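Okay, so here's the structure we're looking at.
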Protein chains: 2
Amino acid sequence: MPVTLKQLAERTGKSITTVSRALAGYDDVSEETKKLVRRVADELHYTPNFLARSLQKRRSRTISLILPTDSPRFSDPFFSEFLTGVANMAAECGYDLLLSVQAPGEGEMELYQRKVSSGQVDGFVVVRTRRRDPRIAWLYKSQVPFVAFGRTENGADFPFVDVDGVKGMRLIGEHLIGLGHRRIVFLSSPSELLFVEHRLDGLRQAMTTHGLDPDEMRILQGDLTQKSGYEATVSLLDGGNPPSAIVACNDLMALGAMSALHERGISVGPDIAVTGFDDIPMAEHAHPPLTTIHQPIYEIGRKVCEKLVRLIAGEELASRSEILEPRLIVRSSCGSLRKQPDQTGR
Amino acid sequence: MPVTLKQLAERTGKSITTVSRALAGYDDVSEETKKLVRRVADELHYTPNFLARSLQKRRSRTISLILPTDSPRFSDPFFSEFLTGVANMAAECGYDLLLSVQAPGEGEMELYQRKVSSGQVDGFVVVRTRRRDPRIAWLYKSQVPFVAFGRTENGADFPFVDVDGVKGMRLIGEHLIGLGHRRIVFLSSPSELLFVEHRLDGLRQAMTTHGLDPDEMRILQGDLTQKSGYEATVSLLDGGNPPSAIVACNDLMALGAMSALHERGISVGPDIAVTGFDDIPMAEHAHPPLTTIHQPIYEIGRKVCEKLVRLIAGEELASRSEILEPRLIVRSSCGSLRKQPDQTGR
DNA sequence: ACTCTAAACCAAAACGTTTTGGATGTCAAG
DNA sequence: CTTGACATCCAAAACGTTTTGGTTTAGAGT
């Protein structure tokens, strides 16, 4: 039912070839003909058939992002912002974004393979990189264009964008230690996510630098959700001997921790300091506002996508990988400030 | 480079037709041949070319979801959960999900038209329906399959899933009034989103039922973000004559409002009650935990997607539209409870 | 020996593009 | 008059499927 090149050819009295080339702007078509064709195409509301074009060009102008979540309910304000960054940049570059959900493990690699060998997508945005990441190993060896948000352990030379988590957490650690905190608990995640490790390392470095023994730091396991931060903190408090500071490896868990503290009537900031990482919008409006590390997540999304588009087009990337500087946002959850105006500059 | 039917035909000594039909399971192919073809296909890791197939079948098995956001940064925990619901169900039905971002207005309709007339997608999931929604008007008249999450004003007979916002807010209103609240402020949104109107109506109904004059209720404008809830509340408090309860039309704004109250040293619950709507994960862990209306957003995503797939397949829907019952979740932000265990049953 | 049926197969067309490799006509230079 | 250059056009092939409309072969029935 939709208008095709064939119909345009009939209406204009030209051949399909000429119509196609006229619309594409080739200069072996006279100006006059181009105008005619364009006019008729507009009149009939011609839209090129995406499938036919992609089939012939062997390019779908579509990129894929596969959400590696196992919990069916996936609620992360951080991610939706990243996603809009990717989607917006993709649109600007004339690309489409295909979104899938697939838990790590069983069937994960098959999905990646299928997407590419079916010709459906030209490349991938890889998120939540793992220490030894089979997705990256495969994509790399198969020469499929991809850009990751995050790194892997075996520093392979693949294109990625990341925030310097080690440094970020070092900033947090130094800030806390500077405030006099000595008994610190780290709220971690048991998964094989590498960024968690980076952040822990950063904290350790800060401690070492200031003559503290990192091995004495307690580490609690969560799973990056607010709930798990809450639960870990509850059990921490139940165990007695509370710390002076709780350092969570992301904002969501930090908010959960604050929740548990409040519940026990413990004043966050003065009594026990809490810090996060990410600077999700909510961090600014928490009680008290959360000290954290800002990640320009929307821009990272855009950057990742832009790199990917370049890669697909066959351009050489000036900088294959990019590690962004973290920015410490001091708010009152660590006790150094008391009800001050906002510091983010957002 | 990928394996094609042609190559399978060569390897098996059969024709392309037979290979195609063998894989599709037609019964004019002998069992023996089918086995042979399947074996060879497995060996060579054959994956059908998605584009060629879609082109010929005139079905892309892809559905589109266009995020109607104007702010480039879009951070909504509510939405990412909806999205995973849609994506998971789509995957289960063998469909893919194409995600785009496009602000309402200028160019919005063109995007919808282009997606369908280019043959790229078979149908749409429409979110954030507006009172008079041009997307729905167009999709309806063009006979393009779609299912909406939310309704429009001119109760046209299109397929949708929604939660009964009127009733939900009535539950909230009655609860608050039952607790003795009389001076209520509604945190609204200036947009033409219909659900906001429903919620306001529900609150008004509750007031009327209990002999209160809804016209005396103050209404503040926000834009559904936490920040706007915060700001609206700050200006409310600055204006003096504070209410006894703040009813926000979504959780995010309620959290923002709580933020502002805390900052002024006003105790949420005992001093001023605050309620939300949505029951995002964060609501449970807020301080104090937020009284709100639960929306099974993940399931709604699944439902919407399932309906859409049915529609595309040409099936008649048993129930074109579905209005789900809201569930009141009473927590302590409205002052009726004091540090009680969680009530959600999540 | 002939027809009929059923089983198994397949060539060609079709889907709507783009690309390839010319074809045609005009005009100026030789 | 011929040649070459240039501008403009286009038929056909290709992309990888599925569908259409058959054909071929073997065996059964008469």
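Computed from a predicted model, the values in this text were never measured in an experiment. Proteins get letters first, then strands, A, B, ... in listed order; numbering begins at 1 in each.
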* Asked: Judged by atom type as modelled, is there a donor-acceptor pair below 3.5 Å linking the side chain of Thr18(B) to the main-chain atoms of Lys14(B)?
  -> no

* What is the nucleic acid contact for Tyr46(B), judged by heavy atoms within less than 4.0 Å: base, sugar-phosphate only, or nothing? -> sugar-phosphate

* Which atom of Ala9(B) lies closest to which atom of Ile16(B), heavy atoms considered -> CB-N, 3.8 Å

* To do: For Thr33(B), report the nucleic acid contact type (base, sugar-phosphate, nothing); a contact means any heavy atom under 4.0 Å.
  => sugar-phosphate

* Answer with yes or no whether Thr17(A) presents, from its side chain, a donor or acceptor under 3.5 Å of a partner atom in the base of dA11(D). => yes

* Structure fact -> What one should report as the nearest heavy-atom pair of Phe158(A) and Gly150(A) is CE1-O, 4.0 Å

* Asked: Within the structure, does a side-chain N or O atom of Ser20(B) lie under 4.0 Å from either OP1 or OP2 of dT18(D)?
  -> yes

* **Value in whole Å for how far the P atom of dC6(D) lies from CG of Asp28(A)** => 15 Å

* Structure fact -> The residue, Val3(A) or Gly13(B), whose nearest nucleotide of DNA chain C is more 5′ is Gly13(B)

* To do: Report which part of the nucleic acid Thr4(A) touches: base, sugar-phosphate, or nothing (heavy-atom distance under 4.0 Å, all strands).
  => sugar-phosphate

* Asked: Does Glu10(A) come within less than 4.0 Å of Lys6(A), counting only side-chain N to carboxylate O?
  -> no

* Quickly work out the Tyr26(A) OH to dT17(C) C1' distance and round it to whole Å. => 12 Å

* To do: Check every strand shown and say whether Lys6(A) touches a base, only sugar-phosphate, or nothing at a heavy-atom separation below 4.0 Å.
  => nothing

* **Most 5' of Arg21(B) and Leu51(B) on DNA chain D, judged by nearest nucleotide** => Leu51(B)

* Asked: Does Lys57(A) make a side-chain N or O approach to OP1 or OP2 of dT17(C) shorter than 4.0 Å?
  -> no

* Within the structure, does a side-chain N or O atom of Arg53(A) lie under 4.0 Å from either OP1 or OP2 of dT18(C)? -> yes

* Asked: Base, sugar-phosphate, or nothing for Thr47(A), non-hydrogen atoms under 4.0 angstrom?
  -> sugar-phosphate

* Would you say Thr18(B) reaches dC10(C)'s phosphate, i.e. side-chain N/O to OP1/OP2 under 4.0 Å? -> yes

* Does the side chain of Thr84(B) come within less than 4.5 Å of Leu67(A)'s, by heavy atoms? -> yes

